[in-house]
Student: 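Input: one structure, supplied below.
Just so you know, these numbers come straight off a predicted model, no measurement behind them.
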Amino acid sequence: MHPIVRILLLTGAALALLALAVLLGVAIGETSIAPGVVWQVLANQLAGAGYPVDPIDQGIVWNYRLARALVAASCGAGLAISGVILQSLLRNALAEPYLLGISAGASTGAVLVSVAGLGAGAISMTTGAFFGAVCAFALVALLAHAAGSGGLRNGAQIVLAGIAGSQLFNALTSLIITKSGSAEQARGIMFWLLGNLSGVRWSDTLLTAAVAVAGLAVCLWHARALDAFTFGSESAAALGVPVRRVQLVLLLAAALITAVMVSIVGAIGFVGLVIPHAARFLVGGRHRRLIPASALIGAIFLIAADVISRTLLPGQVLPIGVITALVGAPVFAAILLKGRGGRT
């Protein structure tokens, strides 16, 4: 089979699988809606088909669940891509935005803008989250460099520094919320920080999808460089990779992706840890296949996690971060027990 035809077939199959996941994510909930009704609502909204659909079902599908499922897919894909970047550049199986403190820093930046009023309205929540994410990773890198030689090359040190930085920024976030917000506002923000898709809107869908697609494109553009980093930065430099420039571009991309997702849905942990490992098991370690596979699996995983968070306890919606942690924590423990956390 011609390579281009094969790529087109695989792309079509991946998009069909993602569309099926979105369809099921919209249909399943406390109020079950038949997939046929979902298709009718979509046809009415997108093509003016005029199917007779109950207005309540139409409102649930179009105004609530579809936007929620699309944001979940975009966030899952983006966080999985960030995990691939960090694990490849740091050559550490435990590297991911949540464990390295990037999510915690983004949360602190977002809360500084939304709760403490930093910037007096001139700075958006996403901008605050981005600068928080960059500051958090810079601090983690400095801590890792001070703790042991190697800087970004010392993956084990940077993961340990990330855990310390994560605790620091989580404490700062809690302090800001306690000092600046009312009790009701504090409860709402703490729920959001654990991962909450309840308040997403169509504008959030456009932003998260654009960032996820841009992140995917940047990573695919640097796929060969990421393959070279598998053997270390020295080997990558010997193969002609501009190490510092590639590291800067990809780390900033991971920070931006994480910041946008956190500013919209809160800090959702373990997606960037679990999904790249699952993708490597299925398609191998070549980044030309690993990156799109991770994005697809991450999107489907977070849609499924969102459905579970809405249906696990009748009448209640759990933070989606609780579901991802229930899956991610055992995987984290399994990686530690296999002794693969420190491949430097």
Student: So, Asn44 side chain and Gly50 main chain: donor-acceptor pair closer than 3.5 Å or not?
Tutor: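 Yes, the answer is positive, given that a donor and an acceptor are paired below the 3.5 Å cut-off.
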
Student: Is there a side-chain contact between Arg289 and Arg280, using heavy atoms and a 4.5 Å cut-off?
Tutor: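 Contact flag for Arg289/Arg280 side chains = no.
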
Student: Measure from the side-chain N and O atoms of Thr108 to the backbone N and O of Ala104, and report whether any donor-acceptor pair falls under 3.5 Å.
Tutor: yes

Student: Tell me the closest heavy-atom pair linking Val246 and Ala225, and the distance in Å.
Tutor: CG1-CB, 4.1 Å

Student: Does the Thr208 side chain pair with the main chain of Ser74, one donor and one acceptor, at a distance under 3.5 Å?
Tutor: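 Flag not set: sc Thr208 to bb Ser74 has no pair under 3.5 Å.
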
Student: Has Gln40 got a side-chain atom pairing as donor or acceptor with Tyr51's backbone, closer than 3.5 angstrom?
Tutor: no

Student: Please check if any side-chain donor atom of Thr173 sits under 3.5 Å from a side-chain acceptor atom of Ser107, or the reverse.
Tutor: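 On atom types as modelled, these side chains do not qualify, holding no pair under 3.5 Å.
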
Student: Specify the closest pair of heavy atoms between Ile320 and Leu197, including all atoms of both residues, with the distance to one decimal.
Tutor: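 Residues Ile320 and Leu197, closest heavy atoms: CD1-CD1, 3.7 Å.
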
Student: Heavy atoms only: give me the nearest Gly328-Leu273 pair and the separation to one decimal.
Tutor: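 Heavy-atom minimum between the residues: O-CD2, 4.3 Å.
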
Student: Please confirm whether the backbone N or O of Val41 pairs with a side-chain atom of Gln58, one donor and one acceptor, at under 3.5 Å?
Tutor: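 No.
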
Student: Keeping the roles fixed (side chain from His287, backbone from Cys219), state whether a donor-acceptor pair exists under 3.5 Å.
Tutor: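 It does not hold such a pair.
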
Student: Applying side chain to side chain donor-acceptor pair (under 3.5 Å), name anything that partners Thr311, two or more places apart in sequence or on another chain.
Tutor: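 Scan of Thr311 (side chain to side chain donor-acceptor pair (under 3.5 Å), adjacent residues dropped) gives none.
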
Student: Measure the CD1-CD1 distance between Ile81 and Ile291 for me, rounded to the nearest 0.5 Å.
Tutor: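 Atom-to-atom, Ile81:CD1 and Ile291:CD1 are 7.5 Å apart.
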
Student: Could you note down all residue pairs passing salt bridge (Lys or Arg N to Asp or Glu O under 4.0 Å) where residues 305-331 supplies at least one of them, sequence neighbours left out?
Tutor: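 Every pair satisfying salt bridge (Lys or Arg N to Asp or Glu O under 4.0 Å) with a residue in residues 305-331: Arg68-Asp306, Asp306-Arg310.
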
Student: Using a 3.5 Å distance criterion without hydrogens, assess whether the side chain of Thr258 forms a donor-acceptor pair with backbone atoms of Ala255.
Tutor: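 A pair under 3.5 Å: no.
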
Student: Would you say CD1 of Ile56 has more than 12 non-hydrogen atoms from neighbouring residues, nucleotides or ligands within 6.0 angstrom?
Tutor: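 12 or below, so no.
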
